[in-house]
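Okay, so here's the structure we're looking at.
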Amino acid sequence: MNTDAHQAGTLLTRRPENPILTGRDWPYPVNSVFNPAAVRLTSGETLLLCRVEERSGLSHLCAARSDDGVRDWRIDPEPTLVPDTQNRPEEIWGLEDPRVVWLSELGKFGVTYTCYAEQGPGVSLALTEDFKSFERIGQILPPENKDAALLPRKIDGRWALIHRPVSPMGGAHIWIAYSTDLRHWGDHQLILAARRGGWWDANKIGLSPPLIETPKGWLMIYHSVRGTVAGAIYRIGLALLDLDNPSQCLLRSDQWVFGPEAPYEMIGDVGNVVFPCGFTVEGDGDTLNLYYGAADTSISLATGSLCEMTAWLGKHGHSD
Ligand code: BMA
């Protein structure tokens with residue numbers, strides 16, 4: 001147990017191997033790889049579904065697999081999921097920032113991702129069993145919306161989806177929606193609002209990886225976009241949602257717990273960005289592996305303890 005866990009800055013530890021994946025590792029020419037979804041497969045392998053930015057500026061998704069989740073990545077020789085520009089006009093500018101959740105009731109993974117086109121970014125959903133073939137459900141939320149992930153199980157008989165619409169009144173906040181068929185979404189409710197003024201999470205926040213189920217509640221790792229005269233800073237904070245009613249936020253942190261500090265996070269195509277989209281949990285049920293994009297350029301890994309994070313939130317968090 002880390003005795004300094006009351007210090008927000010010690011809850012997540014960077015792996016010395018960082019960055020664990022860069023565009024130079026790719027089997028075909030790319031500009032950059034970042035913001036990966038992550039899952040642990042039944043084989044024990046870790047699969048990252050990475051956002052790959054091509055040298056056109058547009059992105060697709062590509063799977064990378066590793067036995068230990070850190071080294072020796074086996075990367076699909078060709079893009080894994082590409083825009084269907086013939087049939088899906090909402091994807092003509094690419095696919096970005098996936099989140100993957102295992103839906104045990106369906107025996108399939110739910111892949112939510114940003115579909116990007118002239119009308120702005122929206123949210124699309126696909127289902128897959130093997131990350132080779134995908135059943136595309138299509139665009140489930142129109143622009144402007146992104147940072148969406150399914151919950152892994154139904155809540156009171158309905159699927160739940162965290163998402164981040166942008167308000168025409170200004171501000172971008174975290175919402176939840178419900179559905180019985182994964183296609184039609186309603187009962188939208190605000191669960192976590194961006195603060196205002198000088199706060200680290202003022203004006204614009206969004207879900208980072210999918211929610212993590214813990215005995216204390218759904219742990220939400222969220223990002224904030226702090227505007228400064230020198231550009232935006234993307235940082236990470238914590239909140240806890242009620243297990244039976246995830247529309248209810250129980251606790252949120254006043255301080256960020258992770259922000260750009262390492263050179264590979266501060267320097268790149270978009271400097272000062274840490275952007276996690278995926279996690280795995282070790283067999284001990286406690287050790288969190290958080291996979292994140294660094295400076296929109298490469299992929300890194302930080303580890304932490306779920307118990308320490310929820311204990312820290314219990315001590316330092318508060319309800320809104
Ligand atoms: C956000 C998303 C992320 C990106 C970040 C920083 O709006 O588009 O994909 O990592 O900006 O550029």
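It should be emphasised that the depicted structure is a prediction, and the values quoted were computed from it without experimental measurement. Both counts, for ligands and for their atoms, begin at 1 and track the order of listing. The first residue of the sequence shown is numbered 1, and numbering continues consecutively from there.
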Could you list each nitrogen or oxygen of ligand 1 that sits under 3.5 Å from a protein nitrogen or oxygen, with the atom names and the distance?
unit_1	atom_1	unit_2	atom_2	d
ligand 1	7 (O)	Lys146	NZ	3.3
ligand 1	7 (O)	Tyr234	OH	3.4
ligand 1	8 (O)	Lys146	NZ	3.3
ligand 1	9 (O)	Asn35	ND2	3.1
ligand 1	9 (O)	Arg51	NH1	2.7
ligand 1	9 (O)	Asp97	OD1	3.1
ligand 1	9 (O)	Asp97	OD2	2.5
ligand 1	10 (O)	Asn35	ND2	3.0
ligand 1	10 (O)	Asp296	OD1	2.6
ligand 1	11 (O)	Tyr234	OH	3.0
ligand 1	12 (O)	Asp296	OD2	2.7

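Just one residue in the list Leu151, Val101, Thr112, Ile176 forms a side chain to side chain contact (heavy atoms under 4.5 Å, CB included) with Leu161, and that residue is Thr112.
Arg158 and Thr180 share no side-chain donor-acceptor pair at under 3.5 Å.
For Trp102 and Phe131, the gap between ring centers reaches or exceeds 6.0 Å.
Ion pairing between Lys204 and Asp147 fails under the 4.0 Å rule for side-chain N and carboxylate O.
Shortest non-hydrogen contact noted between Ile174 and Leu207 is CD1-N, 3.6 Å.
Both the sub-6.0 Å distance and the 45° axial angle are not jointly satisfied by Arg235 relative to the ring of Trp200.
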